[in-house]
Amino acid sequence: MYFNGSMVVRNFSSCFTKLAMVCKCVQCLVMCMCVLVRYQVFLGGACNPTTWRSDIVIPILEEAGVTFYNPQVDHWSHDLIEVEEQAKQCADLCFYVIDNQTRGIASMVEAAYLAASGHPLILVMIDFGESVEIEGVTLSSREVQDLNRGRIFVSNLMARQGLPVFTDIETAARACCKVVNTGVPVTSMGPEDGAQPAKLTGASVGRKLIAAREAFSHCKASQPSHVSPKEVVLALRSLCIPDHESDCDISSMLPSLSSVSVPTYSFNEFCSVAAEVMSLRMSKTPLQSLMTRLSHWISSCLNRILSLPSISGREPAYFREVFLGGSCGDSTWRQEITIPMLRKHAISFYNPQVERWSVRFLPVETEAKAKCKYLLFVIDDRSRSVASLVETAGFIGEGRCLVLCSKFISDGTEISGQQVTGRALRDYNRGRSYVSEYANQNKVPVFHSEAEATQCVIARLRGQETVDRAARTLRQLRGSISVGRTSSLGSVSEEDETVTNST
């Protein structure tokens, strides 16, 4: 009998392929069935090769009688994203660990999205050491810098949401049991529970800095970089002095203005003056403060009754229509593609790309993003873009008006002098997969071309302008109708009065 070995091999190969597909389907089915059961805690974060779940957290949860969902599997696939998302939404609390044994890019993206969307979350952040090694490969200093930048963005987002960040897994697990069993809000976790003090919560500082720069830029007329004492008074009025206080009141707060030897002020000196004015205003007596607030309240009430525009309601000078977020570094998509297209359509934009980024820019960038109508984020395939992935996930969770352009990194791509292959390639592309999935769930358009994404932003802004113009016209028509009715009622009253007098 003739024996065809190649045919047998092909049959065995086909059988094994089908068996693998069946096993994968069974695995997804089992996980979907598990999701139907409501668990109290979702154990997200670093997976293989870490064992923190089985070694530390799960024993503590079982001892406290807390149910949990463990998403860790031997072989992860893109199909499991939806299953994991259902489990997160069903859980009462999410427990995430971003350790120093993995890059944790997908974990950072997940944590940012959950925190921004208001889901209860406890995060454990374990910092990298001096030398970082993952699966026997030592990471370059540039890659560690990119990963740490993403961690900074996650920590800042957690702080702004009032969510706790821990550095010890066991301490965080016991705090998790406390939240679940006692019902205390997760936002009440503090240093007494082992949580770290909030870092980089200086968004208000960024807001004040931008407001000071706005006032300084709009009032300087004598010199490009300095303002005169008179211009200082005008800038202070627009910055921090209520409308009911006169220029004499402002001058009396700063007697040094009249006797100053230097006729102009730089921006740093202006900030010092503004701080002094605010401190003098805060040192008023309680009665003076009460009368000031009462006068301001009466003025604002009259403005609302008379439908007068409020000075505090005007748009800030740093307002832009589009924030150009996403990949920076050596990326050139802003200068070569997006900015020329926006300028062609007379659309204002904010470009955060600088030669040397620093954590000091973070509060200012946060305020700039908050003042833009649309956010355009481009995650290109020539940079790691860890912080941009985290930011994008956070803005999707907040429900901001966002357009995304995301590209997967190809095998062997060179980034910062290092080829991206193997585990690194899977990690960075997995983070992009999670962001794209979150965008799809929240109806955020996702493109693979910078030009198409920019064109989408332009079309949406122009469409919004049409809607706003129609709304203004409708309000004007309603105002005209109401004025006409008032005039007709006044005429009728005069006629009635005439008839009454004649009678």
When rounded to the nearest 0.5 angstrom, what is the spacing between CD1 in I337 and OG1 in T332?
7.0 Å
Checking T413 side chain against S410 main chain: does a donor-acceptor pair fall under 3.5 Å?
yes
Scan for ring-ring contact (aromatic ring centres under 6.0 Å, His included) pairs involving residues 372-414, sequence neighbours excluded, and state none if there are none.
F377-F395
Any donor and acceptor pair, going by atom type alone, linking the side chain of H448 with main-chain N or O of C405 inside 3.5 Å?
no
Ring centers of F68, Y39 separated by less than 6.0 Å:
no
Is any NZ, NE, NH1 or NH2 atom of the basic residue among D427 and R103 found under 4.0 Å from an Asp or Glu carboxylate oxygen of the other?
yes
Report yes or no: is the cationic atom of R151 (NZ for Lys, CZ for Arg) closer than 6.0 Å to the six-membered ring centre of F128, at no more than 45° off its axis?
yes
Specify whether W52 and F95 have parallel, tilted or perpendicular ring planes, treating 30° as the upper limit for parallel and 60° as the lower limit for perpendicular.
tilted
Measuring from L342:CG to T454:OG1, what's the distance to the nearest 0.5 Å?
6.0 Å
Testing D193, T187, I122, L121 for side-chain contact (heavy atoms from CB on, under 4.5 Å) with P164, which one passes?
I122
Got a salt bridge between K371 and E321, using NZ or NE/NH1/NH2 to carboxylate O under 4.0 Å?
no
Between E450 and R334, does any side-chain N to carboxylate O distance fall below 4.0 Å?
no
Is any side-chain N of the basic residue among E414 and R382 closer than 4.0 Å to the acidic one's carboxylate O?
no
